[in-house]
Every structure is written in C-alpha cells, then in structure tokens.
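Below is one structure, written out as structure tokens; the observations come after it.
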Amino acid sequence: MRDHVIAVDVGTASARAGVFDAAGNLLARREHPILLRRPGAERGEHDSEDIWQASCKAVREALAASGIAAEKVAAVGFDATCSLVLRAENGSKIALAEEGGVTFDTMSWLDHRASAEAEECTRTGHPVLAHCGEVMSPEMQLPKLMWLKRQRPDLWASAGLFFDLADFLTWRATGSPARSLCTLTAKWNFLAHEGKGWQPDFLSAIGLDDLVARGGLPEEGVAVGRPVGVLSPWAAAELGLDPGITVAAGMVDAYAGALGVLGPVAAEPGELSRQAALIAGTSSCLVGFAPSPLFGRSIWGPYFEAIFPGQWLIEAGQSATGGLLGHILLAHVEGGGATTAAHQRVIARIMEMRAEEGTNFGERINILPDFHGNRSPFADDRLTGTIAGLTLDASFDGLCRVYWRACVAIALGLRQILETLETSGFAPERLHLTGGHVRNPLLVELYADVTRREIAVAQTEDAVLLGTAINAATAAGLFATLAEAGAAMARPVTVMRPNPATRSLYDRDYTRFRAMQRHRAELDAL
C-alpha cells in the first residue's frame, strides 16, 4: 500500500528531503548543499542541474534512512525559493555565466539586478500592482525577465522555457511544462481570479508582449493539492523512486511553511483568519488568509487560491533577518563566521549577560535592520541599515551586544508590519513560527514580547517540508482536501505568550525605532 510521501524543499543554500507517513511523522530527513554564485552584492545565481542533483541525493538518502521501500511511496512534492530558471525550448540550459566548469542558468530569489526594471513597472500604475503592494519588487520574475530581454537579448532569443524553481523541479520530475497556480500567482503577476490570468496590456507596457510564448508559459495553473503529472522513468531512476507515482504541483517555499503550520485550522475559515504563519530563516515572510481580498502598500497579494480554495493569501516580509545576523558575525572580528556553532556561542553568552545586566543590556545600541532593503512596510529595496550607539569595543561581548540589539530590531520590524496589516483589516492573534528562527531562543522570546502576540512553535523538525508533504498527500488522493490532510498530519504546538513586564521596555525601543526611520528619511532627502 502506498501510504507515504516524499517532500523536497530547496532553499538558498541547500536541498532537503523528508519521508513522511500519512500521520505527518517525519521518518527521515537528509540535506545537501547547492551552489550559489555571488558575482556582486546585488546578484545571485544557481545551477539548476546542481539543484536537481542535490535534491536527488537528498531523496535517495532520506528514503534509505527511513527504512521505507520505494513501493510504499505514493507521491513526491517540491517547494523552492522563487528563483528564475532559464531554459531553451529543447530544455537545455541558458548560461547567465560560466565559472569553474559550472553553467549558472538561474537567477536566485535574492538577486536584485532588476531594481531599475522593477521601478519602471511601478511607474506604470497598472491595476495589477494592487496585488503586489502597489510597488513591484526586483524579487518578482517579470522585472528579472525585463532585464534579461534588455541586457542579454542573445539569451532572450534562445529561450523557450522560463520556470519558477519549484516548477522547474516538477518539470524535471515529470516532463510536464505545467506551472503551479501557487508560483504563477505569487511571483508572475498572474491574476488567477480574473477570466484570464495574464494581463496583456501590462505585459505590453513593460515590453514583454512575447513573454508567454517565449517562456512556454500556460494560460492556467495547477492548484496546490493537485497532481502536475507522474514521475517519469528517467527521473525515478535518479530519485530512487518508482515511475508513475504522483508529482504534486510545486509550491513557493514560504507558502509550504504556511500550509505546514496553518493546515490544521484550514477547515475553519474564522479560525484561519485569526492566525498567521511566520516563516523565518535568511529572510522572513508573514503569511495570512482572508475570505475576501485585502489590499495595502507593501502587502504582497491578495493572491486568490494560492494555497487554499476560496481563500485570498496575503504576505508581508523582511528581506534580511537571519541573513542580517549572519552578516554581523561575518563582519565582526570576533564573529567566527556565520556558522551554527558561532550563532549558538553568541546566543549562549547573551543569555548570561542579560542575566547579569538585566534590561540595561545593550540598551544604547539601536539598529535599523534594512541591510538588504525593506520589503514591508516601505516596499523600498534601496533602503539601508543603520547601527547607532557603537563604541570602540571590538570584544566578543561587544559583538554580543550588537547581535542582541539586531534581534530586537528584527522583532520591532515585525511589529511594524503587523500594524500595517491591521490597517488593511488583518489582525492575527497568534503567529505560527517555523524556519531557522525556531532554533534561536532570543528571537522566539522577542517575537512574543515585542509584537504582544502568542507565538506557536510546531513540534516538528521542518514545517516547510511538512507543508510540502501535505500537498503531496492530497495530490496522491490519500486525503480528499488540503484541510483534511492538514488536520490529519498536524504536529502538536508549544505556545509562548508575551511577558507583560517587558511591554514598556519594548514600547520605548519601538519609539526609538520609528524615530530612526524618520532621521534616515531626513538624511536621504538632504
């Protein structure tokens, strides 16, 4: 009986695979690194074949570690960052760059080379912008494709297939060029609620009249929880799975995390609208749902049925959170590199120093965390970060003070995002935290105390993988709906409530935070 599923999650630096049973138990998980080329601060490139091979290795090793035979697997699902894969019509790679014998054909999600094109999209004032926070982000796919057409017309002319990374993986697994409704709606300005998702007048206004034909893009997308095809014999051999099993529609990685933590309440729309998912790692995404569309500047969406039937997804986010903390470790003489061990060493010392110094710990250091621009609430990728209150202290303890205050700043940014969402009519009472930040006790505590919301942490090693497993299990027919699968595969949660004794402390910090933003705007205007 095929009653298990494989979930594959591709992040910025690695591909992970997990084997799940129908009760949501993660039986085994394996991970392999992927290449990321950074030829400049604003650029990031992957090799899509490297990503596929890393995914295959992770699946084979996870399956072997689980003790489950391939004939027990009913389906495989993929989620990934919203990176842009470029292929020719025959499926061969299109080289953005070649280095060290590697052909890089994929613009990473974090690639901001198309900032000027994104600004041009915004200036059109087209109604489609209402569904991406009124401001086009260079992380979206259309600005990147504008850049490609203008700056590399040779590559544009040889292109035949443009993929979101999750859709590339399902294509590689099945041979089907179908695209996911999840990726199209979220990253391609595809309006799923309209009669036709593509908006020809908008594409014409930005010089992409030939986008759909050039990129082999469909007129419709495949919904989450539905099959995109079946596993091909050649892909099955590479993955170590049986051919012919279901391959689910791909998902945006953050949205897979949202499904993993909010799936259990999806059957109750009222309860779903009172909760949100906080998927926090290198960057952070806050994802919520509403039965009717909610609009606002810097709010991505509303995206109709990007995950759940009949629901509008809204998203806000921070461009650098875990990435900022890693940068602080890399930049400081005592940082020791952005390794897990280095983070844990700093966190442990911060715990000791807070116990010794109390609320005065690091209080004169104030930080604006926009080191990679601001996604919400300002929707400005050109904004920069600020650290105020530094001295000549270059010691390890001095590093700890800066790291702690950066954590505070990240939580203050989340508080500001929640206030922005409230003005649009979305006010979640509980945030479900998943991603790398669950392993940082400082951030878990601060998210509760600074936002004054309940923070729920699922008892699972990886809620993003779980969400992809829920998608795969539904596509395979193990469950009738995503909500049914979410309820059956749910993990218990631990809830942290805000400490009322810290309210005045973080209210003061928030006042300083807003003042620093005003001062930054004044300096930029001079």
Side-chain angles (χ1 to χ4, degrees), residues 11-14 31 33 36 38 41 110 278 280-284 318-373 383-415 433 435-451 455 457 496 499 501-502 505-506 508-510 512-513 515-516 519-520:
T12 306
S14 65
E31 182 170 353
L36 174 62
R38 296 301 302 273
L110 53 73
L278 177 59
T282 304
S283 61
S284 297
Q318 294 167 284
S319 295
T321 50
L324 171 60
L325 299 180
H327 174 75
I328 288 170
L329 293 181
L330 286 169
H332 198 282
V333 67
E334 293 290 335
T339 65
T340 300
H343 282 284
Q344 294 304 318
R345 177 166 161 258
V346 169
I347 290 168
R349 179 57 181 151
I350 289 172
M351 295 291 201
E352 295 173 352
M353 296 175 75
R354 290 178 67 203
E356 294 166 1
E357 300 183 26
T359 58
N360 294 327
F361 176 60
E363 67 172 349
R364 295 196 64 191
I365 298 173
N366 293 280
I367 297 177
L368 292 181
D370 306 315
F371 282 54
H372 194 57
L383 286 182
T384 56
T386 304
I387 302 179
L390 293 179
T391 68
L392 295 179
D393 184 0
S395 69
F396 178 70
D397 282 358
L399 164 64
C400 292
R401 296 180 197 282
V402 174
Y403 188 103
W404 162 247
R405 294 301 289 177
C407 289
V408 172
I410 289 167
L412 292 170
L414 178 61
R415 173 172 170 174
L433 177 65
H437 293 196
V438 299
R439 295 187 292 274
N440 186 326
L442 304 176
L443 287 172
V444 176
E445 173 191 329
L446 285 165
Y447 284 145
D449 290 348
V450 173
T451 70
I455 303 298
V457 178
M496 174 172 284
N499 178 2
T502 65
L505 172 67
Y506 294 125
R508 179 204 65 186
D509 280 336
Y510 190 55
R512 291 176 174 174
F513 187 78
M516 287 181 69
H519 296 326
R520 177 177 61 189

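Everything numeric here is computed off the predicted structure, so don't read it as measured data. Any value given below was found using the heavy atoms of this structure, including those in side chains, with hydrogens, waters and symmetry copies removed.
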Open item on the list: I'd like to check the side-chain hydrogen bond (donor to acceptor under 3.5 Å, both in side chains) partners of T386; sequence neighbours left out, ordered by chain and number.
Closed with: none

- [ ] Step by step, work out the side-chain contact (heavy atoms from CB on, under 4.5 Å) result for T339 and L329.
- [x] CA-CA 9 Å; T339 65; L329 293 181; over 6 Å; no

Open item on the list: Tell me every residue that passes side-chain hydrogen bond (donor to acceptor under 3.5 Å, both in side chains) with R345, counting only those two or more places apart in sequence or in another chain.
Closed with: none

Open item on the list: Does anything in residues 325-336 form a side-chain hydrogen bond (donor to acceptor under 3.5 Å, both in side chains)? List the pairs, not counting sequence neighbours.
Closed with: none

- [ ] Evaluate the criterion side-chain contact (heavy atoms from CB on, under 4.5 Å) for residue pair F396 and V346; output intermediate values, then yes/no.
- [x] CA-CA 8 Å; F396 178 70; V346 169; 3.8 Å; yes

- [ ] Just grab all the salt bridge (Lys or Arg N to Asp or Glu O under 4.0 Å) pairs involving residues 400-414, residues at least two apart or on different chains.
- [x] E357-R401, R405-D509

- [ ] Check side-chain hydrogen bond (donor to acceptor under 3.5 Å, both in side chains) between R508 and all other residues, then give those that pass, not counting sequence neighbours.
- [x] E363

- [ ] Would you name the heavy atoms of P369 and F513 that are closest together and state the gap between them?
- [x] CD-CE1, 3.6 Å

TODO: Verify, without hydrogens or angle tests, whether T321 (side chain) and G281 (backbone) share a donor-acceptor contact under 3.5 angstrom.
DONE: yes

Task: ring pair (Phe, Tyr, Trp, His ring centres under 6.0 Å) partners for H372, two or more places apart - done: H112

Open item on the list: Once you measure the plane-to-plane angle for H437 and Y447, does it fall in the parallel (<30°), tilted (30-60°) or perpendicular (>60°) bin?
Closed with: parallel

- [ ] Kindly state each residue pair satisfying salt bridge (Lys or Arg N to Asp or Glu O under 4.0 Å) with at least one member in residues 435-450, sequence neighbours excluded.
- [x] R354-E445

Task: All side chain to side chain contact (heavy atoms under 4.5 Å, CB included) counterparts of T384, not counting sequence neighbours - done: none

Open item on the list: Under the rule for side-chain hydrogen bond (donor to acceptor under 3.5 Å, both in side chains), what residues qualify as partners of S14, not counting sequence neighbours?
Closed with: R16, E31

- [ ] Heavy atoms only: give me the nearest L414-L278 pair and the separation to one decimal.
- [x] CD2-CD2, 3.7 Å

Task: Closest non-hydrogen atom pair, I347 against P441 - done: CG2-CG, 3.9 Å

Task: Qualifying residues under ring pair (Phe, Tyr, Trp, His ring centres under 6.0 Å), relative to Y403, sequence neighbours excluded - done: H343

Open item on the list: Give me the atom names and distance for the closest heavy-atom approach of V408 to L446.
Closed with: N-CD1, 3.7 Å

TODO: Quick one: closest heavy-atom pair of R520 and L383, and the distance?
DONE: NH2-CD1, 3.6 Å

Task: Shortest non-hydrogen separation from A342 to G336 and the atoms involved - done: CB-O, 4.3 Å

- [ ] State which residues pass side chain to side chain contact (heavy atoms under 4.5 Å, CB included) with I387; sequence neighbours excluded, sorted by chain then number.
- [x] I365, I367, F371, L390, V402

Open item on the list: Checking D397 now: which residues fulfil salt bridge (Lys or Arg N to Asp or Glu O under 4.0 Å) with it, not counting sequence neighbours?
Closed with: R349

